[in-house]
Amino acid sequence: MNLTRRRALQIMAASVAVPLGVLALRSARGLPQPVQWRGEALGAMSAMTLWSHDKARAERAIVRMRAEIDRLEDIFSLYRATSELSRLNADGRVDAPSRDLVHVLDQSQRIAEASGGKFDPTIQPLWTLHSARSAPDLRNLEAALSLVDYTAISAHIQTVRFEQAGMSASLNGIAQGYITDRVTELLGNEGFENAVIELGETRALGQAPDGTPFRVGLLNPHEPNQVMEHVSLAGASLSVSGGYGQSLPDGTGHHIFDPLTGKSANELAQVAVVAPRAMLADALSTAIYVAGERASAAILSTVAGASAILIRPDGSRLQV
Amino acid sequence: MIAIAENRVRGPRLALLLVLGVLAFTILAMAPARAQSDESGAGPLLTRLTPEVLSAVFPEVTRVEMVEDDGPIAAAAYDGETLSGYVYSTLDVLRAPGYSSTPFDVIAGVTMDGRITGAVVLFHREPYLINDARRTAQLNTFLHALEGGEARLGADSTLPPEFVAGATISSRAMRNAVQEGGRMVLRYRTEEFIVTEPTVDMINFRPMSAAELVADGGVAGARITNADLDAAMAQAGLGDLLPEVPKTGGPDNLYINFVTGYANPPRIGRNGTGLEPYDHLINGMPESTQGIFVATLGGVYDHRGTRYNNLSNDFLLERISVTQGEHTYQFTKPDMIVTPGKIADILVLPTDNEFDPMQPWRADLYANALRPDGSTANFVLASLDYALPSGYILMPEPEPMPAWVEPWLASQGDIAILLIALSVLTFLLANQAWLSRNRRLHLILRNGFLAFTLVWIGWTASAQLSIVHVVNYIKAPFAGLDLGFYLAEPLIVILSIYTAVSLVLLGRGVFCGWLCPFGALQELLAQISRALKLPQWNPGERLQRILWNGKYVSLGLILILVFVAPDAAVVAEEIEPFKTAITAYFVRALPYVIYAVALLTIGLFTERAFCRFLCPLGGALAILDRLHLLNLLKRRPECGNPCHLCERSCPVRAIESSGKIIMSECFQCLDCQVEYYDDQRCPPLAKVRKQLERAKEFGPAPVRVPAGEPA
């Protein structure tokens with residue numbers, strides 16, 4: 001090609017003009033604005049905040065995410081009698097289960113394995129036992145404990161079933177994380193860059209539009225109305241486990257049990273785990289809350305990039 | 001509360017709860033009650049709620065605020081920002097009278113969990129309490145002791161009504177009103193009423209006078225004057241006889257003021273008769289017993305009849321009948337629930353369930369005329385047509401719209417714009433010969449449409465179709481995403497359908513060449529580049545055939561990753577700069593922006609390089625392009641051999657040297673068609689034109705050219 005001086009200048013000018021045009025367009029748009037939804041999902045107060053230049057587009061995305069949340073609730077909710085999980089608990093098996101159920105059961109078994117059984121999805125018989133009004137007697141407790149065994153779940157794409165009659169599962173320690181992940185990933189797929197998804201667990205998509213990490217308040221376990229500290233979150237998830245959430249009707253403790261003893265765990269007041277995915281953060285925080293301070297490092301090491309803040313009953317704080 | 005939720009649909013049971021265990025015998029004077037209630041001088045609730053009253057009925061409350069709903073009148077009581085309960089007045093809620101027929105006014109509070117917080121009497125006309133300091137003090141103590149008690153009619157109170165010795169009736173009526181009123185106020189706000197089919201409203205109650213009931217249709221009334229009586233007799237052919245019950249006064253004097261209605265809704269039955277008769281209908285009778293409310297409010301005549309007092313149980317109430325459809329109901333004395341002190345009755349219908357309160361019915365009021373021989377002739381004095389007004393029927397909540405309908409309604413304007421644009425595009429493609437014949441028109445319309453696609457479809461409406469959508473559609477059978485998930489993006493749905501149809505009819509070019517915002521951005525930049533005469537580079541035919549496969553490689557990569565490694569697929573989808581350049585207006589992290597800018601810059605020198613060699617969406621459409629049914633692009637035998645004009649004018653080099661248009665690479669820009677119709681440039685056409693001109697110049701004029709016209 002015969003490249004004259006004039007030609008070369010033309011090419012360079014054109015090549016500079018494109019980025020300049022792009023810069024002009026960028027600055028003309030300014031910062032994206034937040035659009036928020038608040039509602040209830042899986043029995044918990046939930047919120048989604050999306051930053052977008054196009055408010056209507058963010059609102060439409062929220063509508064679509066609500067459709068997805070609703071579909072997942074039909075799989076995991078114990079409040080819905082026809083959910084796949086409720087049917088699994090009632091019948092001991094579900095044929096042609098959703099991929100979501102198989103995946104979450106599979107993941108929960110992995111974490112159960114990694115935590116030495118301190119996290120166990122088949123905990124539900126203990127909850128049923130403790131939700132009775134009176135304190136459970138020892139025989140019933142032993143019977144319930146014998147039904148807690150994550151290895152007795154067989155999760156395959158054709159059939160999910162329990163290998164022991166009378167078992168029942170609760171995925172409350174992991175399904176919220178899974179839903180949070182699903183929604184966050186779908187939103188990322190839709191082209192959203194900055195979002196905070198709080199569906200039982202918190203996950204940040206990207207960072208705040210100004211380029212700083214999102215700051216999520218961590219409540220004081222002894223004063224649940226007070227924010228104790230702020231956790232910086234960018235492209236990561238936060239899950240908090242603590243016994244102050246739900247006390248048992250029989251007065252013997254709260255909703256997080258040690259699957260090995262059948263009693264409410266109380267070695268720690270609160271565990272906050274930051275991990276790349278909400279499902280992992282969710283399961284890890286439950287496992288560490290039950291397993292206690294000494295086992296925490298070992299459990300955390302099973303997930304790359306996970307860290308935790310432990311609050312002891314005396315209020316002291318430990319970063320792992 | 002849970003039990004109530006289940007029973008909600010069955011009206012009478014509800015009412016049973018509403019008036020359970022009623023002890024008070026109160027008489028709700030209908031028309032007079034309204035006039036008398038005004039005697040209390042009661043203003044709006046908030047003005048009666050002085051700080052002293054409030055601190056007595058609901059201590060620890062910092063703020064009260066009227067509740068703006070259709071329920072029983074109440075003020076919400078807040079402690080800081082927390083809703084602690086409600087404050088209400090028995091006068092507003094029940095207008096219940098005590099011993100005197102003038103309703104009293106007791107202000108009370110109720111907590112959210114149904115406990116009374118305190119009660120203070122503001123006004124009463126109770127004869128045994130007025131000017132009696134000792135009893136008044138006892139009454140205050142008695143009301144104060146209601147604190148902490150359950151807000152439920154029939155619940156025990158700490159002190160018995162007998163504590164106010166000598167004014168037991170008054171104190172009991174006040175206690176009952178506080179209990180029942182608290183329950184009504186709370187229940188309306190805290191319980192969910194689930195209605196699955198149209199149901200008679202047995203839930204809502206507020207005090208209403210006869211005039212109010214007539215006004216809203218709850219009861220039907222007939223005011224019959226002496227003149228009306230004469231007319232009724234004349235119509236029955238008894239005009240020359242006298243009525244059995246003689247009239248008094250002139251033609252305008254009232255003969256009877258009669259009202260009737262369906263007695264079961266509390267607003268009708270309870271307001272019409274009072275607590276006790278109504279309670280008897282609802283609770284003292286077999287379940288789902290129905291009644292007709294009838295009352296005579298004035299006049300010399302009445303619906304009971306002169307023989308009523310002596311009427312043995314077997315005799316008919318001869319002055320009244322109720323007719324619904326084929327069925328006519330008549331009543332005997334045991335069917336009546338009478339209101340003491342008023343000519344107001346509930347006529348109990350047979351429990352055969354034939355009477356349908358939702359259907360209209362008619363009440364006939366009869367009278368007798370006296371014949372000279374002493375016998376009587378019966379005639380209809382008034383016929384009242386009745387239909388339960390809609391205000392007394394609870395309707396089920398309409399099925400909520402699926403969430404995806406919202407965006408369709410919200411973006412009607414955008415949908416209209418897009419549909420118009422697609423109609424224009426369809427018109428242009430269907431009339432491409434017309435469009436291509438005029439080079440200037442084609443230039444304007446084509447660039448105009450591209451600008452619209454970029455600025456409106458892309459940057460304004462964010463409706464850039466992308467490989468993400470294709471992946472979502474492919475994954476649909478596996479991912480189990482809800483249909484609503486797809487339908488919630490109206491413009492994307494419409495564009496997807498249009499693209500699919502156009503793909504089958506014409507090929508990928510319709511979307512890629514006309515509707516893709518990023519494609520439009522590249523092409524517009526390329527037009528500028530061409531106008532500036534920047535050097536253009538295009539690969540040779542053989543190299544180009546290899547490079548074309550790039551888009552199938554990127555498509556394949558994404559599709560494999562979607563199923564093998566979904567996380568990596570999300571990254572791979574970034575091959576498309578659409579998010580960066582269109583949806584995010586380049587407001588993204590630097591690497592994305594650099595990538596998009598690089599693609600656009602390359603596009604300046606090699607038109608639509610991304611579309612032709614890399615775009616996974618283009619790849620997906622190009623694969624399916626093999627299916628297309630129509631080919632509207634016109635060719636001549638000379639195309640390719642010997643002529644190569646179109647081949648060179650095709651901006652994306654989709655025409656091979658053989659003259660064949662590779663449709664999977666064609667963007668339907670119609671540039672080749674413009675050449676095809678251009679008799680200055682298309683050699684075969686130019687040749688014909690020149691022959692014609694030469695013929696005009698030298699030979700005899702062809703038939704088409706009129707003789708004498710200058711050449």
Side-chain angles (χ1 to χ4, degrees), chain A residues 1-4 7-8 10-11 13-32 51-54 56-72 74-75 98-100 182 185-186 188-194 206-207 209 211 276-277, chain B residues 402-407 410-411 414 459-464 466 468 471-472 478-492 525 528-529 532-535 537 566-567 569-570 573 578-589 592-594 596-598 600-601 603-605:
Chain A
M1 208 190 294
N2 190 8
L3 202 66
T4 63
R7 266 265 149 115
Q10 257 183 349
I11 292 174
S15 308
V16 172
V18 172
L20 284 180
V22 162
L23 272 179
L25 193 67
R26 258 177 80 121
S27 53
R29 295 303 304 195
L31 281 178
W51 276 262
S52 171
H53 289 293
D54 185 344
R57 177 164 163 267
E59 281 166 355
R60 289 197 300 271
I62 284 172
V63 168
R64 310 177 70 193
M65 296 311 133
R66 280 164 53 201
E68 174 65 358
I69 293 167
D70 189 56
R71 181 186 74 84
L72 292 169
D74 268 339
I75 295 171
S98 64
R99 280 161 182 265
D100 307 274
R182 274 286 299 196
E185 279 153 22
L186 282 170
N189 227 7
E190 296 284 313
F192 289 92
E193 301 269 305
N194 324 96
Q207 49 206 353
R277 296 171 78 87
Chain B
W404 60 264
V405 177
E406 278 169 43
S411 44
D414 287 355
W459 284 333
T460 310
S462 301
Q464 162 86 58
S466 133
V468 176
V471 165
N472 277 346
F478 311 101
L481 286 170
D482 190 83
L483 187 64
F485 184 83
Y486 296 100
L487 293 177
E489 283 285 3
L491 299 189
I492 295 292
L525 284 177
I528 296 168
S529 156
L532 296 174
K533 302 216 164 41
L534 291 184
W537 178 84
D567 289 347
V570 175
E573 281 163 2
F578 298 174
K579 265 185 216 176
T580 313
I582 306 300
T583 4
Y585 321 93
F586 295 98
V587 184
R588 271 193 103 186
Y592 297 115
V593 179
I594 291 175
V597 169
L600 290 175
T601 311
L604 289 179
F605 308 104

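Quick note on labels: first sequence line is chain A, next is B, and so on, each numbered from 1. None of the values given here were measured: they were computed from a predicted structure.
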What's the shortest heavy-atom distance between Glu68(A) and Phe485(B), and which atoms?
CB-CD1, 4.4 Å
Does any backbone or side-chain atom of Ala410(B) lie under 4.5 Å from a heavy atom of chain A? Answer side chain, backbone, both or neither.
neither
Between Gly206(A), Pro32(A), Ala67(A), which residue shows the highest count of heavy-atom pairs closer than 4.5 Å to chain B?
Ala67(A)
With a 4.5 angstrom heavy-atom cut-off, is it the side chain or the backbone of Val597(B) that approaches chain A, or both, or neither?
both
Below 4.5 Å from any heavy atom of chain B, which atoms of Asp54(A) appear? Answer side chain, backbone, both or neither.
side chain
Sort Phe578(B) into side chain, backbone, both or neither according to what part of it lies under 4.5 angstrom from a heavy atom of chain A.
neither
Ala56(A), part contacting chain B, at a heavy-atom distance under 4.5 Å
neither
From Arg57(A) CZ over to Leu491(B) CG, what is the distance, rounded to the nearest 0.5 angstrom?
12.0 Å
Pair count under 4.5 Å, heavy atoms only, with chain B: among Leu23(A), Val22(A), Val18(A), highest is Val22(A)
Side chain, backbone, both or neither: which part of Ser98(A) has a heavy atom under 4.5 Å from chain B?
neither
Distance in Å, Leu534(B) CG paired with Arg7(A) CZ, rounded so as to fall on 0.5 Å steps
8.0 Å
Pick one of side chain, backbone, both or neither for Thr460(B), based on which atoms fall under 4.5 Å of a heavy atom in chain A.
backbone
Report yes or no: does Arg26(A) contribute a side-chain atom to a donor-acceptor pair with the main-chain N or O of Arg588(B) at less than 3.5 Å?
yes
Note: His53(A) and Val587(B) closest approach over all heavy atoms is NE2-CG2, 3.6 Å
Cut-off 4.5 Å, heavy atoms of chain A, and the answer for Val593(B) is side chain
Of the backbone (N, CA, C, O) and the side chain (C-beta and beyond), which part of Ala569(B) lies under 4.5 Å from a heavy atom of chain A, both, or neither?
neither
Between CD on residue Gln10(A) and CG on residue Leu604(B), distance to nearest 0.5 Å:
11.5 Å
Would you please test Glu185(A) and Val570(B) for side chain to side chain contact (heavy atoms under 4.5 Å, CB included) and show each step?
CA-CA 9 Å; Glu185(A) 279 153 22; Val570(B) 175; over 6 Å; no
Just verifying a value: how many Å separate Glu190(A) CD and Ile492(B) CD1, rounded to the nearest 0.5 Å?
8.5 Å
Can you name the nearest heavy-atom pair linking Pro490(B) to Arg60(A), along with the distance?
CD-CD, 3.7 Å
